[in-house]
Amino acid sequence: MLLQDTLTRTQKEIRPIDGKTYRFYCCGPTVYGPAHIGNFRTFVLQDVFRRTLETAGTPTLHVRNITDVDDKTIRDSLAANLSLKTFTNLWLEKFHHDCNALACLPPHIEPSAVEHIPQQISMIQKLIEKGHAYPSDDGSVYFKISSFPNYGKLSHLDERELDLGKTQNARANSDEYEKDSISDFVLWKNRRPEDGENFWPSPWGEGRPGWHLECSAMIAEYLGDSFDMHSGGIDLVFPHHENEIAQSQCACGGSFAHHWFHITHLLVDGGKMSKSLGNMYTLADLEAKGFTPMELRYTLIGAHYRKPLNFTLDSLSASREALLKIAKAAHKLATNIGSETTSLPSAEFGPFLPAWQALNDDLNTPATLGCIFTTLRETNKLQGNEAAAALAALNRILKALGITLPEITKETTEIPPEIQQIAETRWTARTNKDWATSDQLRDHLASLGWAVKDAKDTYELSKI
RNA sequence: GGCGGAGUCGCCAAGUGGUAAGGCAAUGGUUUGCAAAACCGUCAUUCGUGGGUUCGAUUCCCACCUCCGCCUCCA
């Protein structure tokens with residue numbers, strides 16, 4: 001498959017370096033609160049990427065960290081009067097629940113930052129030894145950007161005019177950590193009162209690791225100095241990923257990530273999602289409004305990953321109908337297969353080849369969905385083996401997208417006897433062409449929360 | 001200010017130097033006593049504005065307008 005690479009700004013073929021397993025790292029959540037739909041856009045797209053590779057027959061090694069020690073987790077755990085571990089576990093559990101509901105495959109390795117502090121300390125030591133980092137008087141350690149000429153390649157710093165002077169003044173006025181150059185970033189933070197009991201011993205005194213370092217240390221541990229891909233939200237390009245490159249290449253050598261895959265942020269109602277605007281949705285929020293996780297997933301893959309996705313509640317309703325439409329078409333195919341089908345489901349994409357090609361063309365999920373509907377119209381009349389092949393192909397595509405279809409078989413809900421009684425009475429009236437009574441009873445049923453649909457020789461009751 | 005992105009039907013959203021996918025909504029028909037459901041159709045001479053290049057541009061170039069994101073923590 002072809003995929004855009006942030007560093008080179010070109011589309012590159014996705015192929016494992018070692019020719020076997022595609023090994024990639026995703027920046028995971030900071031577990032200090034519920035993940036919102038913006039977070040999940042990133043995780044869902046990464047999941048589609050992985051599923052597409054695996055569908056094509058390439059095994060993957062998916063590593064995604066948990067950031068469970070940083071400013072926010074410490075601040076909020078103290079505010080909640082819980083230990084850091086207890087606090088972050090709470091949100092980690094919630095995160096796993098949401099991921100599962102959204103059909104995101106669990107990463108093969110999910111390292112916790114707080115459990116890799118020794119690795120982080122040894123990486124800092126290596127950086128100091130090689131002259132890429134320096135301790136300050138207060139016991140913090142900084143990365144020396146001037147020691148890494150390649151700094152800024154990913155975010156194309158040379159093309160930007162970073163007003164470092166302005167930033168410097170702002171920092172100088174606050175009693176922030178000391179550093180030689182304003183752009184130097186912290187690797188190890190000295191112990192401070194507001195950290196409570198959350199500090200660890202180090203050669204530079206008690207303190208805790210800097211955020212950027214966590215990922216570098218865990219990557220070195222599980223993927224080594226060179227691996228296939230690094231992925232995350234677009235906001236992480238600078239400075240987070242830039243800093244990771246600097247730390248990792250200086251400490252370990254190697255080429256670090258061969259491909260950078262960044263997912264653009266989603267917008268809500270055309271603007272930024274924020275708590276103050278009240279449009280920061282979590283999965284639980286949407287479920288409370290009656291939507292399903294799958295409807296959210298469908299919505300999240302409804303726009304190309306490099307374009308802003310304008311999320312609205314209406315789009316969730318549209319997704320619901322669209323999913324239903326696919327489900328009905330799939331059901332029709334299944335019905336059309338009949339009993340005389342002899343061919344085994346093939347591994348080919350058959351009539352759904354255009355959909356598969358779109359997916360492999362820079363992960364164009366919206367085009368893929370479009371192709372599915374177009375093809376579905378043509379497969380509508382297929383029978384027997386052809387229907388079987390089409391259905392198998394459709395299922396392969398849906399699996400790559402991580403989409404599961406809603407049940408369209410009639411749910412056998414319990415019908416209360418009194419409701420059944422009214423319906424019977426109405427049916428009798430209807431059979432006698434007593435339309436007035438029939439319609440009146442239909443309205444009555446509706447007011448009781450039941451819809452009645454007439455067929456030729458029978459009727460159907462369903463809850464509204 | 002710098003960097004990056006976006007402006008395509010009421011909404012969401014692909015795409016392309018050769019005459020605009022798809023979904024939702026809407027709407028017509030078949031069906032129905034009427035509905036609902038289902039099925040079959042219809043639905044952008046037009047792609048922010050103004051120029052330019054071209055046989056031809058929505059697609060390339062220039063200018064402008066509007067919007068969004070980043071440059072501090074952020075998926």
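The figures that follow rest on heavy atoms only: side chains count, while hydrogens, waters and symmetry mates do not. A, B, ... follow the sequence lines: proteins, then strands. Residue 1 opens every chain.
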Test side chain to side chain contact (heavy atoms under 4.5 Å, CB included) applied to A/Q46 and A/C104, step by step:
CA-CA 9 Å; A/Q46 289 164 341; A/C104 290; over 6 Å; no

Annotated protein contacts, base or backbone, on nucleotides 39-44 of chain B with a non-hydrogen cut-off under 4.0 Å, one of B, S, - each
-S----

In terms of side-chain heavy atoms of [X], which of [options] is nearest?
{"X": "A/A303", "options": "B/rA14, B/rC70, B/rG33", "result": "B/rA14"}
{"X": "A/F373", "options": "B/rA14, B/rG23, B/rG33", "result": "B/rG23"}
{"X": "A/M273", "options": "B/rG33, B/rA75, B/rA13", "result": "B/rA75"}
{"X": "A/K307", "options": "B/rA14, B/rG5, B/rC24", "result": "B/rA14"}
{"X": "A/L236", "options": "B/rA75, B/rC24, B/rA13", "result": "B/rA75"}
{"X": "A/N310", "options": "B/rG23, B/rC71, B/rA13", "result": "B/rA13"}

Calculate the interatomic distance between [X] atom [atom1] and [N] atom [atom2]; express it in whole Å.
{"X": "A/F40", "N": "B/rA75", "atom1": "CZ", "atom2": "P", "value": "12 Å"}
{"X": "A/E460", "N": "B/rU32", "atom1": "CD", "atom2": "C1'", "value": "15 Å"}
{"X": "A/L316", "N": "B/rA25", "atom1": "CG", "atom2": "C1'", "value": "15 Å"}
{"X": "A/N243", "N": "B/rC73", "atom1": "CG", "atom2": "P", "value": "9 Å"}
{"X": "A/W260", "N": "B/rA75", "atom1": "CH2", "atom2": "P", "value": "16 Å"}

How would you list all residue pairs meeting ring pair (Phe, Tyr, Trp, His ring centres under 6.0 Å) that involve residues 272-298 of chain A, not counting sequence neighbours?
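Qualifying pairs, neighbours excluded: A/Y281-A/F311.
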
Do A/L223 and A/L61 come within less than 4.5 Å of each other through their side chains, counting heavy atoms only?
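Contact flag for A/L223/A/L61 side chains = yes.
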
Are any non-hydrogen side-chain atoms of A/E214 and A/V69 less than 4.5 angstrom apart?
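Yes. Closest side-chain heavy atoms under 4.5 Å.
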
Hey, are [X] and [Y] close enough for a salt bridge, meaning a charged N less than 4.0 Å from a carboxylate O?
{"X": "A/D362", "Y": "A/K12", "answer": "no"}
{"X": "A/D71", "Y": "A/K189", "answer": "yes"}
{"X": "A/D98", "Y": "A/K94", "answer": "yes"}

Please determine whether a side-chain nitrogen or oxygen atom of [X] lies at a distance below 4.0 Å from atom OP1 or OP2 of [N].
{"X": "A/K325", "N": "B/rG23", "value": "yes"}
{"X": "A/T30", "N": "B/rA75", "value": "yes"}
{"X": "A/N364", "N": "B/rG15", "value": "yes"}
{"X": "A/R9", "N": "B/rG4", "value": "yes"}

Please report the closest heavy-atom contact between A/A217 and A/Q120, naming both atoms and the distance.
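Closest approach of A/A217 to A/Q120, heavy atoms only: CB-CG, 3.4 Å.
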
For residues A/F24 and A/F227, establish whether the separation of their ring centroids is below 6.0 Å.
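Ring centres of A/F227 and A/F24 not closer than 6.0 Å.
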
Evaluate the ring planes of A/F40 and A/F43, with Trp represented by its six-membered ring, and classify them as parallel (under 30°), tilted (30 to 60°) or perpendicular (over 60°).
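Ring orientation of A/F40 relative to A/F43: perpendicular.
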
Annotated structure of RNA chain B as dot-bracket, pair cut-off 3.5 Å, Watson-Crick or G-U only, | for inter-strand, is (((((((..(((.....[...))).(((((.......))))).....(((((..]....))))))))))))....

Relative to the 5' end of RNA chain B, which residue comes earlier, A/L369 or A/R430, by the nucleotide with the nearest heavy atom?
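Result of the comparison: A/L369.
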
